[in-house]
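Below is one structure, written out as structure tokens, with a few remarks after it.
Convention: sequence-line order gives letters A, B, ...; per-chain numbering from 1.
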Amino acid sequence: MTNNISVDVRSARKVYDATSGTVVALDSVSVQIRKGEFFTLLGPSGCGKTTLLRLIAGFESPTAGEILLNGTDISGKPPFERPVNTVFQSYALFPHLTVRQNISFGLEMLGRPKDEVARKTDEVLELVKMTAMADRKPQQLSGGQQQRVALARALAPEPEVLLLDEPLSALDLKLRKEMQHELKRLQLETGITFIFVTHDQEEALTMSDRVAVMRDGRILQVGNPRDIYTRPVDRFVADFIGETNFLSATIDGKKVRLATGDTVAASGVEAHSEGAAVTLAIRPEQVRVDDKGGLAATVAETVYFGTDTHLHLTLGDGSELVARLQSPPSGEIGLSPGAKVSVSFTEGAVQVLEH
Amino acid sequence: MASKRTKTFSITTIPGFTFMAIATFVILYAPIATLVIYSFNGGTSVAAWGGFSTKWYAVAWENSQVQEATLRSVFIATLSSAIATTLATMAALGTTRRGKYKGWNFIYLLINQPIMVPEIVTAVALLIFFASIKVATGYTGLGYLIAAHSAFCIPFAYLPIRARLEGMDLTLETAAGDLYARPFTTFRRITLPLLTPGIAAGAMLAFVISLDDVIITEFVKSAGQDTLPTYMLGQLRRAATPEVNAISTALLVLTVILLTAFFLLTRKRD
Ligand SMILES: Nc1ncnc2c1ncn2[C@@H]1O[C@H](COP(=O)(O)OP(=O)(O)O)[C@@H](O)[C@H]1O
Ligand SMILES: [Mg+2]
């Protein structure tokens, strides 16, 4: 089993000395990244994503803990001895070298024979569709093109692991979508393990095989996008990955009892004891609004989003709930503030948070 | 963008600004213009015009003392600027690739000492210091001048190199290491090429500073070690002819060329 693990981070801790005291950038992080996987570190700015990448790349050494690559401890090795390459957020292309020279740099440093360097460089140029620009300097390229060169440069030496630190954040929306496909394609074609950093939840969900959600130097949850979205472990994860309704409830047998007195079916009940106070997470698109048969609610506000209409509802006990309904062809959902409705949830949609 | 309400103070609105500006330029450039004009004087006076001629350039060109002094000046400037630039590059690398530390300001002060200490003080100090070495070793060659010039050229070479280093993105070096380059290879393939314009600018500035120096050279030189500026000073003490103007003009042209190159090299590029 262990031989399909590419990067194994064991209790890695990183403390920086700053002028205002020490900063715990990573607090005992453990995570195993599988070979050939598209793995994403997702979290708000300052949560330690870059620090974790820098530890794996070797730019920084861990204060405690270790990092294994293919089963061997590489914690003590300098970056130039690790078969790991990085795509920097700022691209960090060498301004005095041409596109081709940038891309062949790594291969040259590895001491590969000249003809192999030339052949591989051509191959990678082709892969990122930059052959026509090979003799330009980085300053003569657009942001998207520089991005491709940065990718090509990191891919050319065929590393075991490719680290990408928010590589798409500097691009405009259209280009970003394009590059998301491009990255996914490159990862599938090369079979290289990608560790991708982003603070954009949609990007994380659409591109990754697995996602680790981080906060304050810790990993809160690791799982595939569906797991993370449908079974978030806590309020932070649920909230960070898309919009969520949170309701307070108590465990009542195999169900949960809401503050309104109603009981509803929920998953994740087993993890808690009878009568325990818990938080429920329900995605707005899983909330159904009918005439009768469910919880009584009053419409507080409707917000039109084009494809969807958000219905802000108030339950009997005053707690609030948002339902995301598909807009009808006319755009008019036909419910105005004050309307009495009945609310129910799609089966399996009510999730009891672990903590 | 600035609206009328947010108009800031402008010095150009002060009464008499135009007059002051013109007066300043006249004071700055009239003497130089006169010097250049009189280098083409056909007569023998530096003050009375005797018709246009380039004969003083020919006289200067053929004057063996001028030739010798020029060669000596260029020799000293070349060697000193090379030494100063090498040391300044090392100093710049040593002082910029560091964490924050309060003592750095003091280090900068030490490196820039030749700019702060009055030149005459340095000159006297060097005179006395070198005199004792001369007595002790018996050596009276150009080494003293080269050592002195190298020393006072260091801060001039250091400043543009340090500016260039500080403007350099450290991520580039990290990226080179990530791409399997060892630290020295990174320095040779990435840092040094990117630093070259700064080094060239520093070298040029050092060269000009060495070439123009009078005070320290006058104090340090032994007999028969005149550089072009000290030779000219000697000439002016006797009978001055437009030959001095011609030499000055030639020196001016050379300096302007070097300084233009300096500004082109240090100009911000994006
Ligand atoms: N070199 C450093 N010195 C001091 N503090 C740092 C340094 N690098 C990062 N930090 C701090 O560590 C925390 C994590 O930073 P980082 O890993 O860059 O977060 P992210 O990439 O998720 O935005 C932040 O609080 C940041 O301020
Ligand atoms: Mg970051």
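Surrounding CZ of B:Phe129 are at most 12 heavy atoms belonging to other residues, nucleotides or ligands under 6.0 Å away. Within 6.0 Å of atom CZ in A:Arg185, more than 12 heavy atoms from other residues, nucleotides or ligands are found, so the atom counts as buried in its surroundings. Sparse packing is recorded around CZ of B:Phe75, with 12 or fewer heavy atoms of other residues, nucleotides or ligands lying under 6.0 Å away. Around the CD atom of A:Glu81, the shell of radius 6.0 Å holds more than 12 heavy atoms that belong to other residues, nucleotides or ligands.
Taken to the nearest 0.5 Å, the OH atom of B:Tyr180 stands 9.0 Å off from the CG atom of A:Leu107.
Contact of A:Leu93 with chain B is made through the backbone alone, with heavy-atom distances under 4.5 Å. When heavy atoms are compared at a cutoff of 4.5 Å, A:Phe59 approaches chain B solely by way of its side chain, counted from C-beta outward. For chain B, the nearby part of A:Ser90 is the side chain; its heavy atoms alone come within less than 4.5 Å. Heavy-atom distances place the side chain of B:Leu194, and not its backbone, under 4.5 Å from chain A. In this structure, chain B has heavy atoms under 4.5 Å from both the backbone and the side chain of A:Arg153.
Note on B:Thr185, B:Asp178, B:Thr171, B:Asp169: by heavy-atom pairs under 4.5 Å with chain A, the leading option is B:Asp178.
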- For A:Met109 and B:Arg189, what are the C-alpha separation, side-chain angles and deciding distance, and is it a side-chain contact (heavy atoms from CB on, under 4.5 Å)? CA-CA 10 Å; A:Met109 292 300 120; B:Arg189 296 281 302 263; 3.3 Å; yes
- Message: Go through it in stages, so that I can follow the logic: the residues are B:Ile190 and A:Phe105, the test is side-chain contact (heavy atoms from CB on, under 4.5 Å), and I'd like the CA-CA distance, side-chain angles, deciding distance and then a yes or no.
- Response: CA-CA 11 Å; B:Ile190 307 297; A:Phe105 190 87; 3.9 Å; yes
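Between A:Phe88 and B:Leu172 there is no side-chain heavy-atom pair separated by less than 4.5 Å.
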